[in-house]
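Have a look at the structure below before the remarks.
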Amino acid sequence: MQRYELIQLPYELDALAPVISKETLEYHYGKHLQAYVNNLNAAIEGTKFAEMDLEEVVKNSEGGMFNNAGQVLNHNMYFTQFRAPRPENAPVGWTASSIDKQFGSFDVFKEEFVKKGVSLFGSGWVWLSTDPDGKLVITQETNAGNPVQRGLRPLLTFDVWEHAYYIDYRNRRADHLNALWQIIDWDTINNRW
Ligand code: MN
């Protein structure tokens with residue numbers, strides 16, 4: 001039995017271009033994420049983790065189980081937060097007012113978020129989450145890390161593994177991260193509160 005399946009994308013493979021090309025999605029979603037799903041299914045069968053939901057597996061496992069479960073959870077959140085590019089794209093609702101209140105403006109927030117992504121050494125993720133008091137926090141997580149391990153609720157994430165941008169941007173990680181703002185589906189981010 002396959003416990004986990006490759007998540008369905010809420011858009012076509014060519015819908016995010018030129019911010020994320022069809023070729024990048026074919027590899028990142030079609031091959032990298034599919035491999036994490038396959039590895040997780042193979043590892044979890046017959047273990048106590050088979051009875052937990054994915055977030056619980058991420059919070060309670062380590063080693064190969066954690067790496068694959070974390071990467072499935074991270075990529076499921078990553079790939080479902082996008083929509084077709086819009087140059088004037090900006091947060092809405094709770095997210096918009098909280099960002100303004102805590103960071104001063106969306107521009108200040110974007111700069112800080114991208115800076116955290118650029119300065120993360122090696123592979124990992126930068127996240128926007130809420131803490132138990134409802135305050136926004138930006139964290140860097142290495143490799144397969146997810147803020148649920150810290151008791152935070154993740155809202156938004158940028159993947160800074162090279163496989164996320166090397167086809168389209170080569171070594172220009174900052175250019176890739178700055179372009180992602182055009183394709184964020186802020187309604188989806190609001191629904192994660
Ligand atoms: Mn990735």
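Numbering of residues begins at 1 and proceeds along the displayed sequence. In listed order, ligands and their atoms are each counted from 1. All values below come from the heavy atoms of this structure, side chains included, with hydrogens, waters and symmetry mates left out. Since the model is a prediction, treat every value here as computed from it, not as a measurement.
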Output field: ring centroids His28/Phe79 closer than 6.0 Å: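 Close enough - the centres of the two rings lie under 6.0 Å apart.
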
Aromatic ring proximity Tyr78/Trp161, centre distance under 6.0 Å: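 Centroid distance Tyr78-Trp161: not below 6.0 Å, so no.
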
Co-membership, hydrophobic cluster, residues Ile167 and Phe158, 4.5 Å side-chain: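 In one cluster with Ile167: Phe158, no.
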
Protein N, O or S within less than 2.8 Å of the Mn ion (ligand 1), waters excluded: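 Under 2.8 Å from the Mn ion (ligand 1) - ignoring waters, which are not counted - the protein N, O or S atoms are His28 NE2, His75 NE2, Asp159 OD2, His163 NE2.
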
Donor-acceptor pair between Arg173 and Tyr165 side chains, under 3.5 angstrom: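 Yes, a side-chain donor-acceptor pair sits under 3.5 Å.
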
Shortest non-hydrogen contact between Gln71 and Leu33, atoms and distance: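 Looking at all heavy atoms of both residues, the shortest contact is O-CD1, 4.2 Å.
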
Carboxylate-amine/guanidinium contact Glu56 Lys59, below 4.0 Å: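 Here Glu56 pairs with Lys59 in a salt bridge, since their nearest N and O are under 4.0 Å apart.
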
